[in-house]
Amino acid sequence: MVSALNRQYLTKYHQKDVSRWLNTGNRTTSGVIGFPKYETMVILADFFGVDVGYLTGETDEHSFDMQHTCDYLNLDGSAVSALREWVRDGGGSATANDMNHSMRSYRADTLNELFSSPEFGAMAAKLLTLHEMSTIWRTNPERFRSLMTSLASDSDFPDDLTFQLILGAFYGMASESFSALLRSAYPIPNEQQFEQLAIGNES
């Protein structure tokens, strides 16, 4: 790290400097080890691609912009980063041609249409139900089984089959809502409209 740092910023740090940075806040016989100079903090933040506030513990996110975004959306950094990275490079390796502004705008518009659709709330509610069921299953399997047993109490089918039917129904409702969301966000002509379009082109 010291070699890379000195090479990149033409500095003259030593291993003892890194040791002191790593022990910031620790108490020694001569007192508490303080933060490095601000200029050093700026260099370190730039080296790691973070804000100075991340190094000082003022934010758990890599930047204050990310922290503000997470706070505003009530999402964690990994979710926000995933959306941002997809807009930037489509979730794959970015190429020079793929990183142009128009492609980023197109990807952003794709997500804008999805999240601003009037059907998004209904689909998200179904996802919430699935998330609740999944959380119960992962954290309290006995409660999950009790819940499934209660839901299946009026069924004439064996429990295992009934459980699968109930879970399938939950996923089916979510899938149906997602399909409605997609049709709302990205409308395409139905069969009748397509036929009218074809007739118009022929004439």
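Everything quoted here is computed from the prediction, not taken from an experiment. For reference, positions follow the sequence shown, starting with 1. We use all heavy atoms of the structure for the numbers below, so side chains are in, but hydrogens, waters and symmetry mates are not.
Listed by first and then second residue, the ring pair (Phe, Tyr, Trp, His ring centres under 6.0 Å) pairs that reach into residues 174-193 come to none, sequence neighbours excluded.
At distances below 3.5 Å, not a single donor-acceptor pair connects side-chain atoms of N140 with backbone N or O atoms of I136. In this structure, S134 contributes its side chain and L130 its backbone to no donor-acceptor pair below 3.5 Å. Panel note: side chain S81, backbone G77; a donor-acceptor pair is recorded below 3.5 Å. The main-chain N or O of N26 is never found under 3.5 Å from a side-chain atom of N23 such that the two would form a donor-acceptor pair. Side-chain N or O atoms of S177 include none that pairs as donor or acceptor with a backbone N or O of A174 at under 3.5 Å. Of the possible donor and acceptor atoms, none in the side chain of S146 sits under 3.5 Å from a partner among the backbone N and O of E142. Under the 3.5 Å distance criterion, the side-chain polar atoms of S117 are left unmatched by any main-chain donor or acceptor of L114. Remark: the backbone N or O of Y171 is not paired with any side-chain donor or acceptor of S175 at under 3.5 angstrom.
The shortest heavy-atom contact between M148 and M133 is CE-CE, 3.0 Å. Residue Q67 comes nearest to D60 through the heavy atom pair OE1-N, 3.5 Å, listed as atom of the first residue, atom of the second, then distance. When all heavy atoms of P36 and T24 are compared, the pair lying nearest together is CD-OG1, 4.2 Å. In plain terms, the two heavy atoms of V52 and M41 that are nearest each other are CG2-O, 4.0 Å. The shortest non-hydrogen separation linking A180 to E119 is O-CG, 3.8 Å.
I33 belongs to no multi-residue hydrophobic cluster, having no ILVMFWY side-chain contact under 4.5 Å with any other such residue.
F35 and V32 sit in two unconnected hydrophobic clusters of ILVMFWY residues. Membership requires side-chain heavy atoms under 4.5 Å apart, directly or through other members. Cluster membership for F48 and M66, using ILVMFWY side-chain heavy atoms within less than 4.5 angstrom, is not shared.
Within a 6.0 Å radius of CH2 in W21, more than 12 heavy atoms belonging to other residues, nucleotides or ligands are found. Under a cut-off of 6.0 angstrom, the local environment of CD in Q192 is sparse, with at most 12 non-hydrogen atoms contributed by other residues, nucleotides or ligands. For L22, the CG atom sits in a packed shell: over 12 heavy atoms of surrounding residues, nucleotides or ligands are nearer than 6.0 Å.
Atom CG of N74 and atom OG1 of T69 lie 12.0 Å apart (nearest 0.5 Å). Y54 OH to D51 CG: the interatomic distance, rounded to the nearest 0.5 Å, is 11.5 Å.
Between F64 and E58, some side-chain heavy-atom pair lies under the 4.5 Å cut-off.
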For residues 4-13, run the donor-acceptor check on the side chains, cut-off 3.5 Å, and write out each pair with its distance to 0.1 Å, sequence neighbours left out.
| residue | atom | partner | partner atom | Å |
| --- | --- | --- | --- | --- |
| N6 | OD1 | T11 | OG1 | 2.7 |
| N6 | OD1 | K12 | N | 3.3 |
| N6 | OD1 | Y13 | N | 2.9 |
| N6 | ND2 | V2 | O | 3.3 |
| N6 | ND2 | Y13 | O | 3.0 |
| Y9 | OH | D46 | OD2 | 2.5 |
| Y9 | OH | F47 | N | 3.1 |
| Y13 | OH | T40 | OG1 | 3.3 |

